[in-house]
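For reference, the structure is listed below as structure tokens.
Numbered from 1 within each chain, the chains take letters A, B, ... in sequence-line order.
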Number of protein chains: 2
Amino acid sequence: MTNKGGISASPLPKAGNVQQPVSNSRLKIACSNCNLRELCLPVNLSMGEIRQLDAISHLKRSYVRGDYLYRSGGKFQSLYAIYRGSFKTQVLHEDGREQVTGFQMIGEIIGLDAICTEHHACDAVALENSEVCELPFNKLEALSRELPSLQRHLHKIMSREIVRDQGIMLLLGSMRAEERLAVFLLSLSQRFAARGLSPTQFQLRMSRQEIGSYLGLKLETVSRAFSHFQNSGLISVHTRSVELIDLPGLRAFIGKQH
Amino acid sequence: MTNKGGISASPLPKAGNVQQPVSNSRLKIACSNCNLRELCLPVNLSMGEIRQLDAISHLKRSYVRGDYLYRSGGKFQSLYAIYRGSFKTQVLHEDGREQVTGFQMIGEIIGLDAICTEHHACDAVALENSEVCELPFNKLEALSRELPSLQRHLHKIMSREIVRDQGIMLLLGSMRAEERLAVFLLSLSQRFAARGLSPTQFQLRMSRQEIGSYLGLKLETVSRAFSHFQNSGLISVHTRSVELIDLPGLRAFIGKQH
DNA sequence: GCAATGGTTTGATATATGTCAAGATTCATG
DNA sequence: CATGAATCTTGACATATATCAAACCATTGC
């Protein structure tokens, strides 16, 4: 539970967008008992402050694919930092319609939806074997009253979520099917890169149906878009393993008419 | 600048969703120098605390239709509480595409998009003659470290924005054109009701094009949906003045196939 | 009061994506 | 390894919404 390396040994990147790759070993150093990537890495907390943060967080049990981290309507108590694996969040409409609102991967914070009503507004479901670190929100609030840099960082995380959602609104409101998939793949690529993983080769942890739900498309449309990208030489895809062959080509695809 | 009425005279509604109508006179009492509805009303601040909040806020100059409150890329310094009038926020894509991401009316907070990068992620444009109250964010942060109820409330406002955006993602991703318009009208209705204004008769402050942009539709589709609702006896609409005739009918419309 | 301008409505047609259905893969299980 | 259940791909066709175009209406300024 003690911080072995200490952040001061290797200066952290500036607060703000996390663009640069970060090695896994660095991640381990950054936080002792769990991988609070979003929460720890970009913010200038001292070793002592990191320890305070560790003190209020618990490593939680594992989840397997399909397990619920929390359910819509459930009482809100904590945020969760994903320590291993990945999750999806989905909202349900009374008429049975459901929509995936996001995919969360290692180092990301999940649970921000629930603060306003004290009850969760969506389900969070594990996409694979996963572990999370629980952050009791009232303790986090109390600590952030003492640590302005933690407070500011918490605000940034929430604001980033708002900006991210607005990007998806743009995607859903004004992009064609293949543009949406290109944006999705490039966004995954960036997030893998930021974790020191390959930005061009990765496994999808979600089904075509889940991707389609997230992108406002039917699974068949997603499948066709994948095939089209493959036939155009932009990507290589076999079921859930993807290789991005032509990143600039994919980027150029966005905004192109027809 | 002093609080004449004092909140303690009329107990505030519980924190959480603002559902009940609130009279305009009550609003005036709630906050002395500006109408910090979202920020003041639902939270149990003492008179002294309200005064502290007033002390850090300034009433800003007026804006006319088309004026920018802030621009995408501009430095973030403050949140703004809308004191009079209304605004739209819009994001711009490099290829010229733009999309309205929200409409903000009296008593709502605008500017939450910018905290994560210190720069605004979208434009905020006045839809009519409007006034805002500026809340310098670093002062707000400092004060919220001292006032836990203000801190919690700030978190709720941000979280509510996230939940709201997720609702729009659901709308954009899985609703038909007429359902989207029905949701939009009912949401406006609720927001007017919460301000003690008529929930069934109001003026739209935005064009068909702006509504369409927000709902992921073309303006002609919006216009056709309006006409269809009118022909079905659900609403009465003349250009920008709307009367909702059959609220249950409109609600029933959502989720209905074909 | 009359252009001029921008916004709105409505129609005819095009098109992207949804729907339905059949086969082909992949994955889990005994 | 064999079987069955998911998941994925591909095709043919249907349909909701976009596009294009024209007329209509409302608001502004002269």
A:His228 and A:Glu178 side chains, donor-acceptor separation under 3.5 Å: yes

Spacing of A:Glu210 atom CD relative to D:dC8 atom P, expressed in whole Å: 8 Å

Test: B:Arg205 cationic atom under 6.0 Å from B:Phe103 six-membered ring centre, within 45° of axis: no

Base-contact (B) and sugar-phosphate-only (S) positions in nucleotides 6-11 of chain C, heavy-atom cut-off under 4.0 Å, - elsewhere: -SSBBB

Gap between atoms CG and C1', on A:Leu217 and C:dG18 respectively (whole Å): 10 Å

Interatomic distance, A:Leu172 CG vs C:dT17 P [rounded to whole Å]: 13 Å

is_close_aromatic(A:Phe229, A:Phe253), centroid dist under 6.0 Å: yes

Sugar-phosphate, base or nothing in reach of B:Gly212, heavy atoms under 4.0 Å: nothing

Nucleotide C:dA16, atom C1' - distance to CD of A:Glu179 in whole Å: 12 Å

Salt bridge A:Glu128-A:Arg240, side-chain N to carboxylate O under 4.0 Å: no

B:Leu244 and B:Phe202, any side-chain heavy atoms less than 4.5 Å apart: yes

Length of the CE-P vector between B:Met175 and D:dT17, whole Å: 13 Å

Atom pair distance, as rounded to whole Å: CG in A:Leu181 and P in D:dT9: 11 Å

Nucleotide C:dC20, atom C1' - distance to NZ of A:Lys218 in whole Å: 13 Å

For atom CG of A:Leu204 and atom C1' of D:dC8, their distance in whole Å: 13 Å

Pair A:Glu108 + A:Arg191, salt bridge at N-O below 4.0 Å: yes

